Colleague: 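Please read through the structure below; I'll follow up with questions.
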Amino acid sequence: MAKRDYYEILGVGKGASADELKKAYRAKAKELHPDRNSDVPDAEARFKEVNEAYDVLKDADKKAAYDRFGHAAFEGGMGGGGGPRGGHPQGDFASAFSDVFDDLFGDFMGGRGGGGGRQRAARGSDLRYNLRIRLEDAYSGLQKTINVPTSVSCSSCSGTGAESGAEPTACPTCSGMGKVRAQQGFFTVERTCPTCGGLGQIIKNPCKVCGGAGRVEKDRTLNVNIPAGVETGTRIRLAGEGEAGLRGGPTGDLYIFVEVMDHPIFQREGVHLSCHVPVSMTTAALGGEIEVPTIDGGRSRVKVPAGSQSGKQMRLRSKGMPALRGGGTGDMFIELAVETPVNLTSRQKELLREFEKLSEHNNPESSSFFTKVKGFWDGMKS
C-alpha cells in the first residue's frame, strides 16, 4: 500500500514553518490519540502515521531529504541512517506515544523535546553569601576576601565521575532518557529515573575520590570587589563561582548579598546622609562656626547663623554617598541640637537670670505667646 504524503497527513503545505508543523501535529495527535478513540479500529495506526510524519518533518535534515526524494529517502539506506526510527519508519506504539508525550508536555514537565534523548549534565547550584560591611566601606568601596564552602570539580576524574579510562554507559532502566513512564489508567506519568537520577547515564567504575559525583566539597577563597555606593539589599553576581555541576555539568553562580551596618553618627537615606550635631547655647544665639565629621573621615566647618534653634537643618552639598551606577554624590544634612548648660556655678546662674530680665523686651514672639496662653486660661475660668 502506497504511503500517504507526510504534509497531507498533517494537513499543512510544503512551505509550512516549524511552528505551523508543531501546531498541526499537536492538533492531529490529540484528535487521533488511541485513548480518545478506543472504538475506532485503525486509531492506533493513524496515530503512528501522524507521529511518523512529524518525526521526519520536524528534523531539518530529514525534511530536506524528504522534500527531495520523498519516501524513497528513507528506504534502502538513502537516508544515511535509516528511517526516522533507526531503520523502522513505523516504530512501535510505545515510541510513538513517547514522542507525543514529549512534544505535547515537554515544555511543562522538562521533556527532552527534539534532543534525541541525550541528557545534559546537571548544572551546579547557585550559592548565596551574606556580606556585612561598614558604611565607610560602602562609601569608598573595597576589595574583600571571602571563604565560600562549595563543591568543585574532582581533579582525579576531571569531573566525569569515572575512574581514569572508564566511560559512562547508557542507563538500562530508562535507556538513556533520564525519565521513566508508567501507565495509570488513561494517564501516563513521567518520573525521574531512580537508577541514574535523571542523568541518563550510569558509571560502572566510579571515581574513588568523588564516588562518581564528579565533584568534591572544598572551601574556596575569593577576592570580591565591592563597588562604592552599595546599600543593604545590593546583590552582586559572580558568574561561574557557584557549585560545580554533577559529572562535568556547568558551574552555578555565586550571589553576594550586601548588608550595610548601622553607623553611630550618620543615618542613610539613599545617597543622602544626615546627622545630629550638638551646638552650644551661646553659639546658637550669637552665631559662629562649628566642625562636623564627614563620611570620608574628614571634617567640614559650618557657619551657624545667629538665633538658630534646635532642629534647624543645614545642607553640605556632595558630602553624602556616591551613586552606585554613576550620577554624582548625595548631600549631607545637619540637624542642630542646641545644648542646655548643666552644672552651673552661682555666678553663671546670676548672669542667666540677669540675661532673662534683659531679654523680655528682645523676644516679643515669646511674650506674645504667653499673653495668648494667659488669655486662653482666663477665658476658660470665666
Side-chain angles (χ1 to χ4, degrees), residues 132-142 228-234 258-324 327-381:
R132 301 184 74 205
I133 62 174
R134 304 178 306 154
L135 184 62
E136 293 89 342
D137 296 329
Y139 169 80
S140 61
L142 79 159
V230 295
E231 55 187 314
T232 296
T234 298
V258 177
E259 178 189 355
V260 181
M261 294 182 286
D262 292 336
H263 196 275
I265 298 175
F266 300 106
Q267 292 80 47
R268 180 179 184 178
E269 187 173 344
V271 294
H272 300 305
L273 296 175
S274 63
C275 67
H276 291 80
V277 178
V279 60
S280 69
M281 184 178 69
T282 53
T283 301
L286 302 176
E289 284 191 350
I290 58 174
E291 281 191 344
V292 296
T294 52
I295 190 63
D296 60 3
R299 302 182 76 84
S300 292
R301 297 190 68 82
V302 179
K303 287 186 176 182
V304 178
S308 295
Q309 304 295 317
S310 285
K312 179 178 176 59
Q313 288 194 343
M314 306 172 69
R315 172 185 288 188
L316 294 181
R317 296 190 179 276
S318 300
K319 290 295 183 180
M321 299 292 291
L324 179 58
T329 305
D331 302 327
M332 185 171 83
F333 294 88
I334 300 169
E335 185 172 315
L336 299 182
V338 180
E339 291 185 321
T340 302
V342 295
N343 301 322
L344 298 176
T345 65
S346 298
R347 177 57 178 161
Q348 288 172 327
K349 291 178 182 179
E350 182 181 344
L351 290 172
L352 281 176
R353 290 190 185 101
E354 184 179 348
F355 172 76
E356 183 180 23
K357 290 180 181 179
L358 294 172
S359 300
E360 288 179 356
H361 302 292
N362 295 341
N363 197 352
E365 291 183 1
S366 177
S367 299
S368 175
F369 170 75
F370 286 110
T371 300
K372 290 179 180 178
V373 172
K374 186 177 182 302
F376 171 77
W377 284 113
D378 289 344
M380 290 289 290
K381 291 177 181 178

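The structure displayed is predicted, hence computed values, not measured ones.
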Colleague: How about CD on Gln348, more than 12 heavy atoms from neighbouring residues, nucleotides or ligands closer than 6.0 Å, or not?
Modeller: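 Result for CD/Gln348: enclosed.
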
Colleague: Has Glu354 got more than 12 heavy atoms of other residues, nucleotides or ligands less than 6.0 Å from its CD?
Modeller: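 Check fails, neighbour count at 12 or below.
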
Colleague: For side chain to side chain contact (heavy atoms under 4.5 Å, CB included), just list the numbers for Met314 and Val302, CA-CA rounded to whole Å, side-chain angles, deciding distance to a tenth of an Å, and then say yes or no.
Modeller: CA-CA 9 Å; Met314 306 172 69; Val302 179; 3.4 Å; yes

Colleague: Once rounded to the nearest 0.5 Å, what's the spacing between atom OG of Ser274 and atom CD of Glu269?
Modeller: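 Output value for this atom pair is 7.5 Å.
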
Colleague: If you round to the nearest 0.5 Å, how far is CG of Asp137 from CZ of Arg132?
Modeller: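 The CZ atom of Arg132 sits 12.5 Å away from the CG atom of Asp137.
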
Colleague: On a heavy-atom basis, which atom in Ser308 and which in Val304 lie closest, and how many Å separate them?
Modeller: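 Closest approach of Ser308 to Val304: OG-CG1, 3.5 Å.
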
Colleague: Could you tell me which non-hydrogen atom of Ala323 sits nearest to which non-hydrogen atom of Val271, and how far apart they are?
Modeller: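 Distance-wise, the nearest heavy atoms are CA-CG1, 4.0 Å.
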
Colleague: Answer yes or no: is there an ion pair linking Arg353 with Glu356, defined by an N-O contact shorter than 4.0 Å?
Modeller: no

Colleague: Using side-chain heavy atoms (C-beta onward) and a distance below 4.5 Å, is Val260 in contact with Arg268?
Modeller: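 Of all side-chain heavy-atom pairs linking Arg268 with Val260, at least one is under 4.5 Å.
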
Colleague: Is the backbone N or O of Lys303 less than 3.5 Å from a side-chain atom of Arg301, with the two atoms forming a donor-acceptor pair by type?
Modeller: no

Colleague: For Val258 and Ile133, what are the C-alpha separation, side-chain angles and deciding distance, and is it a side chain to side chain contact (heavy atoms under 4.5 Å, CB included)?
Modeller: CA-CA 7 Å; Val258 177; Ile133 62 174; 3.9 Å; yes

Colleague: Please evaluate residues Gln267 and His276 with respect to the criterion side chain to side chain contact (heavy atoms under 4.5 Å, CB included), reporting the C-alpha separation (whole Å), side-chain torsions for both, the decisive distance (0.1 Å), and the verdict.
Modeller: CA-CA 9 Å; Gln267 292 80 47; His276 291 80; 4.3 Å; yes

Colleague: Could you go step by step and tell me if Leu135 and Met321 meet the side chain to side chain contact (heavy atoms under 4.5 Å, CB included) rule?
Modeller: CA-CA 9 Å; Leu135 184 62; Met321 299 292 291; 4.0 Å; yes

Colleague: So, taking the atom named CD1 in Ile334 and the one named CG in Leu273, what distance separates them when rounded to the nearest 0.5 Å?
Modeller: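 Here the rounded value is 11.0 Å.
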
Colleague: I'd like to know if the side chain of Gln313 reaches the main chain of Gly311, judged simply by a donor and an acceptor atom lying under 3.5 Å from each other, with no hydrogens or angles considered.
Modeller: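 Not at all, since once roles are kept as given, no pair shorter than 3.5 Å links the two residues.
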
Colleague: Kindly compute the distance separating CG (Leu316) from NE2 (His272), expressed to the nearest 0.5 Å.
Modeller: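 One finds 13.0 Å between CG of Leu316 and NE2 of His272.
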
Colleague: Find the distance between CG (Leu344) and CD (Glu350) and round it off to the nearest 0.5 Å.
Modeller: 12.5 Å

Colleague: Kindly compute the distance separating CD1 (Ile295) from OG1 (Thr329), expressed to the nearest 0.5 Å.
Modeller: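 The distance works out to 12.5 Å.
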
Colleague: Indicate the atoms forming the closest heavy-atom contact of Ala337 with Ser310, along with that distance.
Modeller: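 Nearest pair, atom of Ala337 first, then Ser310: C-OG, 3.8 Å.
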
Colleague: Looking at Thr294 and Ser300, what are the two nearest heavy atoms and their distance?
Modeller: CG2-OG, 3.5 Å

Colleague: Should Cys275 and Glu335 count as side-chain neighbours, where that means a heavy-atom distance under 4.5 Å?
Modeller: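 Sidechains of Glu335 and Cys275: no contact.
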
Colleague: What closest approach, in Å, do Ala228 and Tyr139 show between heavy atoms, and which atom pair accounts for it?
Modeller: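 It is CB-O, 3.3 Å.
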
Colleague: Decide yes or no for Phe266 and Met332: does some side-chain heavy atom of the first lie under 4.5 Å from some side-chain heavy atom of the second?
Modeller: yes

